[in-house]
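Only one structure is covered here, and it is reproduced in the block below.
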Amino acid sequence: MSPSVLKVFNSYTRKKEEFIPITPGHVGMYVCGPTVSGESHLGHARPFITFDFIYRYLLHLGYKVRYVRNITDAGHFEEEGREAEDKIAKKAVLEKLEPMELVQKYTNLFHWAMHQFNNLDPSIEPTATGHIVEQIVMIEKIIAEGYAYVVNGSVYFDVKKYAAHYPYGKLSGRILDDLLETTRDLDGQDEKHNRQDFALWKAAPEEHIMRWKSPWGEGFPGWHIECSAMSTKYLGEEFDIHGGGMDLQFPHHESEIAQSTICNKHVPARYWLHNNMITLNGKKMGKSYGNQIMLTQMFSGDHPLLQQAYSPMTIRFFILQTHYRSTLDFGNEALQGAEKGLKRLWEAYDVLKKLEPGPGAAADAGLDTRVNKLLLEFDEFMNDDFNTAKVLANMFELTPVINSIRSGHIAPGALSAATLQTLKTYFYNYLEKIFGLKDESAADDNKLTGVVDLLIEIRKDARKRKDYATSDKIRNQLQQLGIVLKDEKDGGVSYTFA
RNA sequence: GGUCUCGUGGCCGAGUGGCUAGGCAGAGCUCUGCAAAAGCUUCUACAGCAGUUCGAAUCUGCUCGAGACCUCCA
């Protein structure tokens, strides 16, 4: 079988393309991070888990990856054209907190959630407020190039002029004329030459707390410029992958492209990857829809729509079971299905780790071949635009094989030693290294496992004496504590912590 | 209104012309002191209509339905 190459769906060209990094062996990846003006909800989990397994897969392929994910802590306009209220400043007033205190609080919470999900930390996590100077420099350059204009201390990007020379709207499939017709009629837009122009810098009104000095007076940066400035600074004028949610395609990413094209003469990234949304009853989960479930609520189960708590790994697995470019509908039944499926898969993985190869060559050549084929497909599926769903399907097909070897339905020597080793390697690589799943059920307390082991010994003795009352008592009481005992056929006992 | 996407069995979801997706739930059987787990077997699909084709969930058209973006948004 010829080794397949990584192909990714590029939103910019709307095609699956072979992934070829600009610098061989190295990958620069920028992913739009959170706005830390509030708590993260379930929808936010999707992009960060998605780009985490993409990051992990690139590492697995042997690339040196610089993964940059920003923290948007400068806030944007709540309602453009109106009083230009800074989202973060406004909330801070409500909660009577310093803006940076609020930013820190939600940044910490975000980091905590990311670690719950076992997401790897990005290589660099720059903040918008820490890069005001870079943003100002970039804006000056755009003005110098003639693609931005200053009005009353604010700076706007001239989209109309840009569109006359460059393919504006290519990423989002938009036509400028359509935008002209359909852009909402908002108040106070008189500053802009054209409605679709966007702010690079906004003059800060008196009450605005977050403000910085600039050549145009005191103000704060527009939303899109931060990503352009920070990606350019850390990844260069042209880098490999730019990621984010599909809802950022327009206007955010389209604007980034315009800014970078003027400043750097390049579309910033070669491959644009966008994950789809998590929906609730078919509707996108989001603040404005009022249908969001916070991550802390997911983990605790404390929400009217939740029948139970769902662990971070359950959510991660739930997301992995779907292709990242498909919408994923939230539901208790679906989450519970994911929880059980993950448990079954993980238990088989635990069994696999302990399997010893049988003597000699594969006793069942047909099975041996089938197992190898399923394993090799893992790489093919991942190379085909990160099809984690198909990899997991193959894992589930291998699960009965693993369990059958353990239970004796399949002879231990049915698989060759080499195949068994490959099986172990692939499961480790995919489950732990690439998919980033981890065991949540394990007790992290040696004393506890010692006590459980002791109880199991006592129960074994009881069963030998056919003292089932005692043995059942031990099993039932432990179960009430969330420790589930299973009698194996070979006389052993395994247990899991709920 | 404009642009675009989607509609798969009880639930979640793979899948771009022919071959079983997979998970969860349900049913039966085997194993087991009992239970749990596991193994084996099994029931529900491709929104509707028409067309292209030897053959379509997969291509085309229409109808119905849902959603996304056009404003902050993962």
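Chain A is the first sequence line, chain B the second, and so forth, proteins listed ahead of strands; every chain is numbered from 1. Just so it is clear, the structure is predicted and the values come from calculations on it, not from any experiment.
Residue A:His323 is classed as a sugar-phosphate contact, given heavy-atom separations below 4.0 Å to backbone atoms only. Among the protein residues, A:Lys390 comes within range of the sugar-phosphate backbone only, with heavy atoms under 4.0 Å from sugar or phosphate atoms but none that close to a base. Residue contacts shown for A:Met246 are absent, as no nucleic acid heavy atom lies under 4.0 Å away. Counting non-hydrogen atoms under 4.0 angstrom, A:Ile278 reaches a base of the nucleic acid. Counting non-hydrogen atoms under 4.0 angstrom, A:Gly43 reaches a base of the nucleic acid. A:Met395 comes within contact range of no nucleotide atom at all, as no heavy-atom separation falls under 4.0 Å. Among the heavy atoms of the strands lying under 4.0 Å from A:Ser471 is at least one base atom, whether or not backbone atoms are also near.
A:His253 places its NE2 atom 13 Å from the P atom of B:C70, with the value rounded to the nearest Å. Between A:Ile319 atom CD1 and B:G13 atom C1' there is a gap of 14 Å when expressed in whole angstrom units. Distance A:Lys284 NZ to B:C4 C1': 14 Å, rounded to the nearest Å. Protein atom CZ of A:Arg174 is 12 Å distant from nucleotide atom P of B:U5, rounded to whole Å. The distance between atom CG of A:Asn387 and atom C1' of B:G22, rounded to the nearest whole Å, is 11 Å. Between the P atom of B:C69 and the CZ atom of A:Arg14 lies a distance of 16 Å, rounded to the nearest Å. For the pair A:Phe250 CZ and B:U5 C1', the computed distance is 17 Å after rounding to whole Å. When rounded to the nearest whole Å, the span between NZ of A:Lys340 and P of B:C11 equals 17 Å.
Contact annotation: A:Lys283 reaches the phosphate of B:G67 (side-chain N/O to OP1 or OP2, under 4.0 Å). Within the 4.0 Å cut-off from OP1 or OP2 of B:A74, not a single side-chain nitrogen or oxygen of A:Tyr289 is found. When the side-chain nitrogen and oxygen atoms of A:Lys466 are compared with OP1 and OP2 of B:C34, none of them lie within a distance under 4.0 Å. Between B:U3 and A:Ser172, no contact under 4.0 Å exists linking OP1 or OP2 to a side-chain N or O.
Side-chain proximity of A:Asp329 to B:G23, B:C69, B:G13: nearest is B:G13. Distances were taken from every side-chain heavy atom of A:Phe396 (C-beta onward) to each of B:A21, B:C69, B:G23; the shortest belongs to B:G23. Nearest nucleotide to the A:Ala393 side chain, out of B:A74, B:G22, B:C69: B:G22.
Across the P atoms, B:C43 and B:G23 are found 15 Å apart, a figure rounded to whole Å. Going from the C1' atom of B:G15 to that of B:G9 covers 15 Å, rounded to whole Å. B:C4 and B:G61 are spaced 13 Å apart, taking the P atom of each and rounding to whole Å. Annotation: B:G48 and B:C11 have their P atoms spaced 15 Å apart (nearest Å). Rounded to a whole angstrom, the distance from the C1' atom of B:U42 to that of B:A25 is 14 Å. With both ends at atom P, the span from B:A14 to B:C70 equals 24 Å, rounded to whole Å. Going from the P atom of B:C24 to that of B:A37 covers 11 Å, rounded to whole Å. Nucleotides B:C19 and B:C12 have their P atoms positioned 25 Å apart, rounded to a whole Å.
For the pair A:Arg325 and A:Phe9, the distance from NZ or CZ to the six-membered ring centre is under 6.0 Å and the angle to the ring normal is within 45 degrees. For the pair A:Arg46 and A:Tyr324, the cation-pi test (distance below 6.0 Å, angle within 45°) is failed. For the pair A:Lys160 and A:Tyr162, the cation does not sit on the ring face, since its NZ or CZ is not both under 6.0 Å from the ring centre and inside 45° of the axis.
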Study note, to complete from the structure: Symbol by symbol from the 5' end, with Watson-Crick or G-U pairs under 3.5 Å, [ ] crossing and | another strand, RNA chain B is (((((((..(((.....[...))).(((((.......)))))....(((((..]....))))))))))))....
**Study point:** Chi angles and distances behind the ring pair (Phe, Tyr, Trp, His ring centres under 6.0 Å) call for A:Tyr106, A:Trp112
**Key:** CA-CA 10 Å; A:Tyr106 288 123; A:Trp112 171 80; over 10 Å; no
Exercise for review: May I have the step-by-step check of salt bridge (Lys or Arg N to Asp or Glu O under 4.0 Å) for A:Arg69 and A:Glu125, ending in yes or no?
Suggested key: CA-CA 5 Å; A:Arg69 187 182 65 205; A:Glu125 192 173 51; 3.3 Å; yes
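For A:His193 and A:Tyr156, the distance between ring centers is not under 6.0 angstrom. Between A:Phe51 and A:Tyr55, the distance separating the two ring centers is not shorter than 6.0 angstrom. When ring centroids are compared, A:His224 and A:His253 stay outside the 6.0 Å threshold.
Screening A:Thr13, A:Ile257, A:Ile241 for a side chain to side chain contact (heavy atoms under 4.5 Å, CB included) involving A:Trp272 leaves a single residue, A:Ile257. Screening A:Phe117, A:Tyr430, A:Phe427 for a ring pair (Phe, Tyr, Trp, His ring centres under 6.0 Å) with A:Phe435, the sole residue that qualifies is A:Tyr430.
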Exercise for review: Sugar-phosphate means primed atoms, P, OP1 and OP2; the rest is base. With that split, encode nucleotides 35-40 of chain B 5' to 3' as B, S or - using protein heavy atoms under 4.0 Å.
Suggested key: BBSSSS
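Where stacking is scored as ring centres under 5.5 Å apart with planes under 30°, A:Tyr468 registers as stacked on the base of B:G33.
Residue order along RNA chain B, read from the 5' end via each residue's closest nucleotide, puts A:Gly173 first among A:Phe330 and A:Gly173. Between A:Asn394 and A:Leu42, it is A:Asn394 whose nearest contact on RNA chain B lies nearer the 5' terminus.
In this structure, A:Lys460 NZ and A:Ser471 OG are separated by 13.0 Å, a value rounded to the nearest 0.5 Å.
Side-chain contact between A:His242 and A:Glu256 is present, with at least one heavy-atom pair separated by less than 4.5 Å.
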